[in-house]
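Everything below concerns the one structure shown next.
These values consider heavy atoms only, across backbone and side chains, with no hydrogens, waters or symmetry-generated copies. The structure displayed is predicted, hence computed values, not measured ones.
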Amino acid sequence: MTAVLPDDLRARYPGFGGGRPPSDVELALRGRPLPADRARSWIVTAVVTALAAVVRLWNLGWPTDHGTPVFDEKHYVPQAWQMLRNGGYEDNYGYELVVHPPVGKQLIAIGEWLFGYNGWGWRFTAAISGIVLVLLVVRIARRLTRSTLLGAIAGVLLICDGVLHVQSRMGMLDIFLTVFVVAAFGCVVMDREQVRERLAEAVRKGWIGDDSYGPRLGYRWWRVGAGVLLGLACGVKWSGLYFVVAFGLLILAMDWSARRTAGVERPLRGVLRRDLFPAVATVGVLAVAVYVATWWAWFASETATDRHYVEITGQGGVLAGLLPDTVRSFLAYHVNVLDFHAGLHTPEGDPHPWESKPWTWPMGLRPMLYYWGNGPEAAGCGRDECVRATMLIGTPAMWWLAVPVLLWGLWRAVFRLDWRYAMVLTGYFAGYLPWFRDVDRQMYFFYATPMAPFLVLALTLVLGQVLGSASAGLERRGTGLLAVSLYVGLVVANFVWLWPILNGESITHARWEAELWLPSWK
C-alpha cells in the first residue's frame, strides 16, 4: 500500500520525485519532515543564543566572598588554578579533597587563564557552557517538534530557568556535566533519524526482508559522538555514568522500534544480533576509553594527587605484578574516591542547613543559598539596611508543573507510543532516579541541574500540543498560540521577579522576604 504526499512535501523525501511515492512503512519510518526554513531557523537560533549570552554574562564576576569564591566554588576554583599552574592536574596533598575527575576543573582553568583568578575568570567557561546549552536545546527541540517556533520557545524557557542560570554563573562542575549530557542526547536523537532513514531506504529498494533479523545499519557516527560526549560527561562527574547506561538502553530501544516499524520479521533478535555489540562498543567501551583519556595529565605527571599511591603506601594488592604501578595507583585513587562518596552521609541530628533529598527536586521545594551579604557590602538598595543574596531556585512557573508534565509524558510514552516523550523522560529520569539508591547520602538541589534541560524539553512538547498542529483550524491554532504566549510570558515575568536573588543584587529586607514564596525556601 502506498501513500500520496502533498506536492509541497514531495521534494523533502530523498529518492522521491519522478519515481513511485513512498509506502506507508517508509512514511512511518521517516516521520514528519523538518520545516523548510533552514536559514531562518539558524537566524532564530542565533538570536535566542545571543540573548542567552547577554543574560548569562551580565555582571558575571559578582558576587564573590571579598574577592574569593563562594559556596562550592571554594573546592573547584583553587583546584583549577593548580591545574593551570601544573599543566592539567592537582597536586595538593595537604588538602586531598580531590574527589571529582579533571575535565570540569580543566574547563574552569581556561577561564582563569584568560581573565585571571577572579570572578570572571573562574566563571567564564561555565557561562559559555550555559550559552551553548541554549543553542543545543533550541536545535534539539526543533528536531523533536518539527517546529522552529517551538525550538525558540524551548530556548527562551531554558534562559529563564533559575537553576541553569545560576549554575551557568558559578565556578562549579554541574553545568559542564549538563552540557555534555544534552549534547550526547542530541546525538542520540540524530542517530534515531539516521537509522530510520537507512531502514526506509532498505524498504524502498525492497531488500528489507532479505534477512529475518533485518539489515546491518552500517557505521553510525552519531552514536560514536554520543559515546565521546558521555565519556567527557563522566570526566566531569561520575554521575555521567547514569546517562551512559540510560542512553545506551535508549538507543537499543529505538533500534528495536525502527526494525519493528520497518517490518523486520524478528526485530528483537535483530537488535541483539546486529545492534547490541556495536552499541556497547560505541556508547559503553568508547565512553570508558574517553574517560580514562581525560586523565592524561595525571598519567603524564609525577606529582599529581595519589599518582604514586601504591609505591608510597606499599600496598601490593591482588593485582601486584599484573598491572603497572601507575595503573594500580589510578585504580586505588578511584577506590578511595568511591569510599569518600559512599561515606558522605548526613550526620544524624546535624544536617547541612541547605541539604535536600531527591523527592523535593522535581518542584524545587528546597533551594540553596550560595551567597549572603548584608551591611555595607550589600549597600545599593536605597535603604539603610540592604541584602544581597544568590539562591539556586528553579523558576516556579516551570518547576512547579514538573509532576503533571512528567505524568502526562509517561502517559503519552506508554499509551500513545510517543517516542519524543520517551526519549526526553529517559534523560530526565537518568538524572533523577539513581539518587534514590542511597537516600541517607548528603545531597543538594544542584544535583538536579542535568534534569532541568529535559524538563524544558518536556514542557516544550506539551506546549506543542497546546499550540496544535499546523493543519488545525485557524480558531484552534489561534487559541493555542494565545495560551502558549501567555505561559511563556508568565515564565519570563517569573524569571524577572527572581532576578535579584539569582544574581546577588542589592534589595531591601522586605523584597527579600517577598522572594521567599515557600517556608522551605527559608
Fill in the blank from the handout: When Asp37, Thr45, Thr460 are each screened for side chain to side chain donor-acceptor pair (under 3.5 Å) with Arg142, the one that passes is Asp37
Completion exercise
By side-chain hydrogen bond (donor to acceptor under 3.5 Å, both in side chains), Ser41 pairs with (sequence neighbours left out) Arg139
Problem - Electrostatic pair Asp211:Arg266 at N-O distance under 4.0 angstrom - result: no
Exercise for the section: Using side-chain hydrogen bond (donor to acceptor under 3.5 Å, both in side chains) as the criterion, list what pairs up with Ser356, not counting sequence neighbours. Expected result: Trp361
Practice task
May I ask you to check whether over 12 heavy atoms, not counting those of Trp419, lie within 6.0 Å of atom CH2?
Solution key: yes
Problem - Test side-chain hydrogen bond (donor to acceptor under 3.5 Å, both in side chains) applied to Asp438 - qualifying residues, sequence neighbours left out - result: His345
Completion exercise
So CG of Leu455 and CG of Leu401: to nearest 0.5 Å the spacing works out to 8.5 Å
Practice task
Flag the pair Tyr444 / Trp354 as yes when their ring centroid distance falls below 6.0 Å, and as no otherwise.
Solution key: no
Exercise for the section: Would you please classify the geometry between the Trp411 ring and the Phe415 ring as parallel, tilted or perpendicular, with 30° and 60° separating the classes? Expected result: tilted
Completion exercise
Sequence neighbours excluded, the answer for salt bridge (charged side-chain N to carboxylate O under 4.0 Å, His left out) partners of Arg223 is none
Handout entry: Candidates Met254, Met190, Arg220 - the one meeting side chain to side chain contact (heavy atoms under 4.5 Å, CB included) with Val195
Key = Arg220
Completion exercise
Applying side-chain hydrogen bond (donor to acceptor under 3.5 Å, both in side chains) to Tyr447 and not counting sequence neighbours gives Arg441
Handout entry: Donor-acceptor contact below 3.5 Å, side chain Lys105 vs main chain His100
Key = yes
Problem - Check ion pair Arg123-Glu73 (N to O, under 4.0 angstrom) - result: yes
Using atom types as modelled, flag every donor-acceptor pair under 3.5 Å from a side chain in residues 229-239 to any protein atom, sequence neighbours excluded.
{"unit_1": "Lys237", "atom_1": "NZ", "unit_2": "Asp174", "atom_2": "OD2", "d": "2.9"}
{"unit_1": "Trp238", "atom_1": "NE1", "unit_2": "Tyr291", "atom_2": "OH", "d": "3.0"}

Handout entry: Test: Arg420 and Asp418 ion pair at under 4.0 Å
Key = yes
